[in-house]
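Reminder, nothing fancy here: chain letters follow the sequence lines and each chain counts from 1.
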There are 2 protein chains.
Amino acid sequence: MTARIGPEDISEAAVRVAGHIRETPILRMEPDAFGVRGALTLKLECLQHSGSFKARGAFNSLLSTDIPVAGVITASGGNHGGAVAYAARALGHKARIFVPTTSPRAKIDRLRGYGADVTEIGDAYADAYEASQAVKAETGAVEIHAYDQPATVAGQGTVAREIERQTGGLDTVLVAVGGGGLIAGIASWLQGRVRVVGVETEGTPTLTRALAEGRPVDIEVGGLAADALGAKRIGEIAYATARDHVDRVVLVEDDSVRAAQKALWANVRVVAEPGGATALAALMAGAYTPEKAERVAVLVCGANTDPATIV
Amino acid sequence: MTARIGPEDISEAAVRVAGHIRETPILRMEPDAFGVRGALTLKLECLQHSGSFKARGAFNSLLSTDIPVAGVITASGGNHGGAVAYAARALGHKARIFVPTTSPRAKIDRLRGYGADVTEIGDAYADAYEASQAVKAETGAVEIHAYDQPATVAGQGTVAREIERQTGGLDTVLVAVGGGGLIAGIASWLQGRVRVVGVETEGTPTLTRALAEGRPVDIEVGGLAADALGAKRIGEIAYATARDHVDRVVLVEDDSVRAAQKALWANVRVVAEPGGATALAALMAGAYTPEKAERVAVLVCGANTDPATIV
């Protein structure tokens with residue numbers, strides 16, 4: 001049976017991570033900002049430690065577990081790897097991170113900048129993952145999953161608790177979906193009292209496909225946002241939670257994501273990576289159209305991109 | 001006698017500009033962030049309309065005056081010009097803006113993007129200014145000064161009122177100084193109950209030099225932040241206000257400003273232009289050193305730069 005997360009798990013996570021994660025600001029937008037209907041609030045989670053919401057789940061995971069001297073281990077050169085490296089350093093643990101040799105130099109440098117022991121191995125993610133499993137078995141290091149563990153989901157859920165308190169009430173939250181840790185945490189906190197809309201790019205439709213097939217299935221991923229949203233299948237926790245507490249999942253094209261990135265810079269001077277601009281893209285492209293007075297929050301969930309690419 | 005601004009002028013300005021300017025967020029930093037002592041809060045005024053605090057003064061100026069059909073006029077391709085163009089469009093007025101032909105294409109495009117009627121004329125700022133004066137006399141358009149008018153200063157002062165309310169109390173505010181409109185507004189609001197520290201780059205020391213000479217004097221300006229802080233002399237209002245209510249003015253090198261820009265991106269994913277990172281540079285370079293428990297706010301006052309330049 002799939003683990004489920006409740007509001008109490010998220011409240012406990014919020015206490016655990018307090019002082020380690022940032023309370024990121026919201027920005028209430030003026031009427032018609034981005035050409036979008038509704039009363040729009042941006043949640044600037046892109047200003048979080050390590051540049052994405054992943055720090056919430058990473059801190060909650062590390063603080064929920066006895067970490068051995070061997071430290072933590074994961075295979076990810078992306079936002080999750082960065083968050084694990086950041087949290088491990090902050091808490092005084094070793095972090096060993098496996099990435100394929102094809103990872104961009106900038107991402108590898110960032111992991112090393114956070115003090116992680118980075119191993120570049122193989123051409124594909126699967127090679128890096130396999131190597132990480134061998135070292136995990138050998139050393140006893142604790143594996144931190146990117147999305148499909150209860151502590152990770154509960155940590156991500158703290159962002160919904162924060163938004164609700166900051167805004168004083170909402171009708172709808174739009175959130176990008178990759179492996180589903182973020183939407184699972186948010187939907188678990190909101191329990192249907194706020195409409196949760198998942199947004200996927202056409203190249204990364206893990207939740208869309210799972211809901212259509214009636215179960216999580218492996219998909220081919222690609223396109224602009226694949227580095228952040230490109231999990232091969234939706235997590236079990238996310239799938240089970242989404243069936244109960246996610247109103248709908250909509251798809252956007254890469255061009256809409258790029259337009260949302262440009263609009264965030266032009267109108268608000270906020271840098272978002274493609275995955276971080278995906279939720280706004282759904283509003284701008286009309287994939288979700290709020291009512292006139294609808295109180296809508298958009299999660300700008302990451303900024304780990306070369307800022308030269310957003311203008 | 002030099003005009004002075006009081007808290008009541010700023011409260012009135014705040015009412016006037018409400019709904020036109022953004023309440024920009026603050027971000028409370030963790031202990032030792034940026035290697036700086038004190039309890040540090042960033043005021044993210046770089047997320048303001050038109051990308052800098054200048055929108056506050058521009059809206060207050062336009063809303064304080066009867067604007068004729070000929071609209072408003074100014075000579076500036078920088079943050080002030082952008083703010084005037086933005087505010088004029090938002091309020092339904094014409095904006096005529098004069099810039100030297102040597103202005104960067106990106107800045108001119110931005111002004112046109114805000115709907116301004118832009119005239120490129122002459123090689124130097126003085127040529128553009130002279131042309132603007134001739135058209136002003138001919139058309140009756142209202143000139144909006146970048147810093148040395150009471151309505152401009154009162155508008156900029158609204159940011160101090162906002163910070164004080166958002167933080168619930170402060171010991172010190174650090175703010176970059178160019179023509180001095182921003183520091184004059186802030187010091188006029190705070191009236192000495194919070195320490196105001198002005199920060200200038202070594203290439204733009206208008207207030208430093210005025211305080212040393214006992215009066216505003218023309219200086220040669222240059223260096224990294226000159227496009228935003230490069231007024232030739234401090235405004236009369238700013239000079240008079242600074243003598244009473246500014247604790248001190250410190251200087252920073254361009255390299256420190258560049259380091260502060262990089263640190264803002266690396267640690268917070270915030271893009272600041274050189275002038276926008278100048279106040280933080282003073283802390284990072286040790287030009288101002290807070291006490292351990294000192295509640296310090298740093299104004300990140302603008303983001304109008306090519307984001308490719310900040311990494």
### Message
As a test of understanding, state which of A:L42, A:L44, A:N267 forms a side chain to side chain contact (heavy atoms under 4.5 Å, CB included) with B:L47.
### Response
A:L44
### Task
For residues B:I26 and A:P25, report the shortest heavy-atom separation together with the two atoms involved.
O-CB, 3.9 Å
### Query
So, for A:A308 and B:A308, which heavy atoms are closest and what is the spacing to 0.1 Å?
CB-CB, 3.5 Å
### A:H20, part contacting chain B, at a heavy-atom distance under 4.5 Å
neither
### Query
Relative to chain A, which segment of B:T309 carries a heavy atom at a distance below 4.5 Å: side chain, backbone, both, or neither?
neither
#### Entry: chain B contact via A:I310 - which portion, at a heavy-atom distance below 4.5 Å
side chain
### Query
Charged N to carboxylate O below 4.0 Å: is that the case for B:R28 and A:E23?
no
### Query
Can you say whether A:V311 sits under 4.5 Å from chain B via the side chain, the backbone, both, or neither, judging by heavy atoms?
side chain
### Query
So which heavy atom on B:W265 is nearest to which on A:A303, and how close?
CH2-O, 3.5 Å
### Task
Can you tell which part of A:T305 gets under 4.5 Å to a heavy atom of chain B, answering side chain, backbone, both or neither?
backbone
## Note on the structure
d(B:R269 CZ, A:E45 CD) to nearest 0.5 Å is 12.5 Å
